[in-house]
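Everything below concerns the one structure shown next.
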Amino acid sequence: MANTDNLEDKKLLCVGLICLDVIHVCNSYPFEGTDQRIKKMTWQKGGNAANTSAVLGLLGNKVDFLGVFPKDTKDLFQKSACSFVRQEMERCGVGLEQMSLVGDSDLPYSSVVINDETGSRTILHCPGLLREVSFNFFQKLDLSAYSWIHFEGRNTEEVVKMICHVVKYNEGQDEANRVKMSVELEKPHRRNLPLLLPHADLVLISQEYARDSGYNNAPDTVKAFKDHVKSSAGIVCAWGELGAASGVSGAVGDVIMTPAFSPERALDTLGAGDTFLGALLHARLRTTNLPSIVKFACKVAGRKVGSYGYECLRDFSQTVE
Ligand code: ADP
Ligand code: FRU
């Protein structure tokens, strides 16, 4: 079913983390205490919400990113990292005007090991002096500019207030102008994440979060979370090379498992989930058919996993079926 709600005039917004990823592509996973050569070392912008907004930008959507970003840092590494990350985001077509510039914060960074034998990624994250987006900052946004807001599952207390603010805004709007919302539950150690669920139109649950909640496959996770979301919300659970399960709350019909689109060789799985989510939102703005949305997301994520970085998505020309 075609559904191109406000595609021309309104934007998406992704709220969450931005950081620098320092990536080491190794021939095999390193042993502790050895001194060895690696294939290459690169910098990339990172952070779930930053990656997801960049994927949305690369797929041709109008998108803004909102996260905390250091203001006027004097530290040379931080200065270079900030300038690099900003330029990468802009090259992906992401609007950065809404970022919350904070004086006493660092740009977090991750050291990432990519094992060239398997494409696996191991992330060592350094939050530094990380600040989170505050509700006070968020409430100054002009919500009429957006058709969809995605919240990364972090900073729960403040994000719950942001979601309630959007719900209140929506009460005064006709259906066409209401802002839809999605949330991602990824890291089990983040407290109270289920509080983000009740108003979401689309929920993404990671394999790590599902396992920590006691589920050992994607369909069971979707079935279980159907009871925690509002009626007609879509629930998706991604499960690496097995693909993703999805279902609609309150709807008749089973949970569907959509297989992954495996590339000839998995080279780089860093950000596969963020890419999958960006593609999911891209597709959701164009159709309400959940299996089609998830199929498209698996195709885009499969393409990404077959190449290093995200540039391969610039010419991704397949459309949502
Ligand atoms: P995360 O990066 O959050 O751990 P997943 O590993 O669950 O996310 O991957 C998200 C999606 O990316 C999967 O649903 C799948 O479509 C795709 N994907 C991940 N790994 C592979 C792989 N090795 N081959 C093909 N597709 C993959
Ligand atoms: C990938 C990612 C990386 C970042 C890390 C933060 O999903 O967003 O870009 O370093 O996760 O947890």
Side-chain angles (χ1 to χ4, degrees), residues 14 16-24 42-55 65 67 81 85 88-89 92 107-128 130 132 150 152-155 184-190 204-212 215 217-219 221-222 236-246 256-280 283 291 293-310 312-313:
C14 295
L17 182 75
I18 187 162
C19 68
L20 174 73
D21 284 350
V22 180
I23 300 169
H24 304 85
T42 47
W43 279 17
Q44 220 167 253
K45 57 96 192 81
N48 288 17
N51 288 335
T52 295
S53 53
V55 168
F65 167 78
V85 162
E88 266 221 314
M89 290 290 277
C92 294
L107 184 72
Y109 63 92
S110 298
S111 251
V112 182
V113 175
I114 294 180
N115 177 354
D116 199 44
E117 284 174 335
T118 60
S120 81
R121 95 289 186 263
T122 304
I123 301 173
L124 305 166
H125 185 67
C126 176
L130 169 66
E132 297 282 358
H150 171 72
E152 187 179 326
R154 56 189 302 124
N155 189 22
E184 180 197 21
L185 272 49
E186 193 204 24
K187 302 226 168 31
H189 68 264
R190 296 203 178 122
L204 181 67
I205 296 165
S206 74
Q207 179 177 164
E208 193 187 354
Y209 195 87
R211 285 192 186 281
D212 188 74
Y215 306 104
N217 64 66
T221 309
V222 171
V236 181
C237 178
W239 213 269
E241 67 250 43
L242 291 187
S246 61
I256 292 174
M257 188 71 199
T258 304
F261 282 76
S262 296
E264 236 163 73
R265 189 168 156 231
L267 284 178
D268 172 12
T269 56
L270 176 65
D274 306 337
T275 302
F276 177 84
L277 174 56
L280 210 59
I293 293 171
V294 176
K295 187 172 177 192
F296 179 79
C298 285
K299 282 186 191 168
V300 175
R303 168 72 67 87
K304 186 262 147 319
V305 164
S307 321
Y308 292 113
Y310 304 87
C312 57
L313 302 181

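Whatever order the structure lists them in is the order used to number ligands and atoms, beginning at 1.
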>> With a 4.0 Å cut-off on heavy atoms, is G273 in contact with ligand 2?
In response: no
Residue, atom and distance of the protein heavy atom nearest atom 1 (C) of ligand 2 read D274 OD2, 3.2 Å
Under 4.0 Å from one or more heavy atoms of P263, ligand 1 contributes atoms 24 (N), 25 (C)
Distance col, row I205:CD1 vs L185:CG, nearest 0.5 angstrom, shows 6.0 Å
Does A297 come within less than 4.0 angstrom of ligand 1, counting non-hydrogen atoms of the residue?
no
Among non-hydrogen protein atoms, atom 26 (N) of ligand 1 lies closest to A260 CB, 3.8 Å
Open item on the list: So, regarding S110 and ligand 2 (criterion: nitrogen or oxygen to nitrogen or oxygen, under 3.5 Å), is there a contact or not?
Closed with: yes
Would you say that more than 12 heavy atoms from the other residues, nucleotides or ligands in this model lie under 6.0 Å from the OH of Y209, or not? yes
Please say whether G273 places an N or O atom under 3.5 Å from an N or O atom belonging to ligand 1.
yes
for atom 17 (C) of ligand 1, nearest protein heavy atom and its distance come out as A301 CB, 3.6 Å
Of all protein heavy atoms, the one nearest atom 4 (O) of ligand 1 is R121 NH2, 4.0 Å
Under 4.0 Å between heavy atoms, the region of N51 that gets near ligand 2 turns out to be side chain
The protein heavy atom nearest to atom 6 (C) of ligand 2 is L17 CD2, 4.0 Å
shortest atom 3 (C) of ligand 2-to-protein heavy-atom contact is with D21 OD2, 3.3 Å
Short version for A238: what comes under 4.0 Å of ligand 1, heavy atoms counted, is both
Contact region, N48 to ligand 2, non-hydrogen atoms below 4.0 Å, reads both
The answer for which part of C19 has a heavy atom under 4.0 Å from ligand 2 is side chain
At under 4.0 Å between heavy atoms, what of Q44 touches ligand 2? The answer is neither
Notebook entry, point to check: Any N or O of G271 that comes nearer than 3.5 Å to an N or O of ligand 2?
Noted result: no
closest protein heavy atom to atom 23 (N) of ligand 1 is E241 CB, 3.7 Å
A student checking ligand 1 against G243 at a 4.0 Å heavy-atom cut-off should list atoms 13 (C), 14 (O)
Polar proximity ligand 2 side, E186 side, N/O cut 3.5 Å exclusive:
no
Inset, instruction - Say whether G240, considering both its backbone and side-chain N or O atoms, lies within less than 3.5 Å of an N or O atom on ligand 1. - result: yes
Ligand 1 atoms nearer than 4.0 angstrom to some heavy atom of F261 are 25 (C)
A student checking ligand 1 against C298 at a 4.0 Å heavy-atom cut-off should list atoms 16 (O)
heavy-atom search around atom 12 (O) of ligand 2 in the protein gives K187 NZ, 3.3 Å
